Amino acid sequence: MRLVLASTSPRRLDLLKRIGAEPARIAAPDVDENVRAGETPRAYVLRVAIDKAHAVPRAADEIVLAGDTTIAVGRRILAKPEDEADLRRMLALLSGRRHHCLSAVCLIGADGKARTRISDTVVAFKRLNQAEIDWYVACGEGMGKAGGYAIQGKAEAFVRYLAGSHSGVVGLPVFETRALLESAGYSLG
Ligand SMILES: Cc1cn([C@H]2C[C@H](O)[C@@H](COP(=O)(O)OP(=O)(O)OP(=O)(O)O)O2)c(=O)[nH]c1=O
């Protein structure tokens, strides 16, 4: 059984390798990541993960894994910042508050069926002053990341506490991913 990783994220590949899974190939999923009217954060992240897994062609002996990570502040979804002003807006919103990091995984098994798991992690940021926001924006780590921060880098020093899955926040919740791979009959090395 060959594993296909439907992701361009180097962090997803690293996390997958860490649990002993070795993708036979990697494919870039091209999907509509715009939030739809009325879509809850949970429904959104699951829908995008499922779409990513389906967006990649699959041979009969292949299984396909995809993931999607998003930040939710209440019902508001924070995607990747579009520019510096957007990044500043997100950091101001996260400052001194708790938010949820939702990380969905989808696996299409050899039977062609899509199965999903989701991890929901509560993250609390310290209150950020202007100098801290300026410093974080200048370091460049927030661009290209959901919610405008990367917990695996400097931003971890802003995190007062975290309840849930650290790997989920980075992009691939390894507990849920392992469960999906095992139930599809994929043996981890
Ligand atoms: C919150 C947070 C997000 N992120 C990253 C994980 C994801 O790569 C990214 C969210 O974007 P995603 O759309 O989930 O993934 P992606 O576009 O990077 O990759 P692909 O669709 O090809 O699989 O933000 C971190 O690296 N650290 C963090 O702390």
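Everything quoted here is computed from the prediction, not taken from an experiment. Just follow the structure's listing: the first ligand is 1, and inside any ligand the first atom is 1.
- Close contacts of ligand 1 with Arg11, meaning ligand atoms under 4.0 Å from a residue heavy atom, involve 5 (C), 7 (C), 8 (O), 18 (O), 26 (O).
- The shortest N or O to N or O distance between Lys145 and ligand 1 is not under 3.5 Å.
- When only non-hydrogen protein atoms are considered, atom 3 (C) of ligand 1 lies nearest to Val169 O, 3.5 Å.
- For the pair Glu84 and Val137, the minimum side-chain heavy-atom distance is below 4.5 Å.
- With hydrogens and angles left out, the side-chain atoms of Thr69 and Arg12 include a donor and acceptor closer than 3.5 Å.
- Ring geometry for Phe158 versus Trp135: interplanar angle over 60°, hence perpendicular rather than tilted (30 to 60°).
- Scanning the protein heavy atoms around atom 19 (O) of ligand 1, the nearest turns out to be Arg12 NH1, 3.4 Å.
- Using a 4.0 Å cut-off to heavy atoms of Ser9, the atoms of ligand 1 that qualify are 8 (O), 18 (O), 19 (O), 22 (O).
- Between Asp68 and Arg47 there is no salt bridge, since none of the side-chain N atoms of the basic residue sits less than 4.0 Å from a carboxylate O of the acidic one.
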Exercise for review: Evaluate salt bridge (Lys or Arg N to Asp or Glu O under 4.0 Å) for Arg25 paired with Glu62, printing each intermediate quantity in order.
Suggested key: CA-CA 10 Å; Arg25 64 183 181 92; Glu62 289 179 329; 2.9 Å; yes
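- The contact set between ligand 1 and Lys52, taken as ligand atoms under 4.0 Å from a residue heavy atom, comprises 12 (P), 13 (O), 14 (O), 15 (O), 20 (P), 21 (O), 23 (O).
- Short contacts between ligand 1 and Asp68, defined as distances under 4.0 Å to a heavy atom of the residue, involve ligand atoms 12 (P), 13 (O), 14 (O).
- In summary, the atoms of ligand 1 found under 4.0 Å from a heavy atom of Thr8, numbered by their order in the structure, are 19 (O), 20 (P), 22 (O), 23 (O).
- When hydrogens are left out, the protein atom nearest atom 6 (C) of ligand 1 is Val170 O, 3.2 Å; that is the closest non-hydrogen contact.
- Following chains of ILVMFWY side-chain contacts shorter than 4.5 Å, one cannot reach Val169 starting from Val48, and the two form parts of different hydrophobic clusters.
- Annotation: Ile151 places an N or O atom under 3.5 Å from an N or O atom of ligand 1; distance criterion only.
- Residue Thr69 has at least one heavy-atom neighbour below 4.0 Å for each of these atoms of ligand 1: 10 (C), 14 (O).
- More than 12 non-hydrogen atoms from other residues, nucleotides or ligands lie less than 6.0 angstrom from CG of Asp134.
- Taking only non-hydrogen atoms, the option from Glu33, Lys80, His99 nearest to atom 18 (O) of ligand 1 is Lys80.
- Between Ala146 and ligand 1, at least one N/O pair is under 3.5 Å apart.
- To the nearest 0.5 angstrom, Arg18 atom CZ is 13.0 Å from Leu188 atom CG.
- Near Ala150, the atoms of ligand 1 lying under 4.0 angstrom from a non-hydrogen atom of the residue are 27 (N), 28 (C), 29 (O).
- A salt bridge links Glu132 and Lys126; the closest N-O separation between the charged side-chain nitrogens and carboxylate oxygens is under 4.0 Å.
- Set against the non-hydrogen atoms of Tyr149, the atoms of ligand 1 under 4.0 Å away are 1 (C), 2 (C), 3 (C), 27 (N), 28 (C), 29 (O).
- Note: the hydrophobic cluster containing Val170 also contains Val105 (ILVMFWY, side chain heavy atoms under 4.5 Å, direct or indirect links).
- Atom 27 (N) of ligand 1 has its closest protein heavy atom at Gln152 OE1, 2.9 Å.
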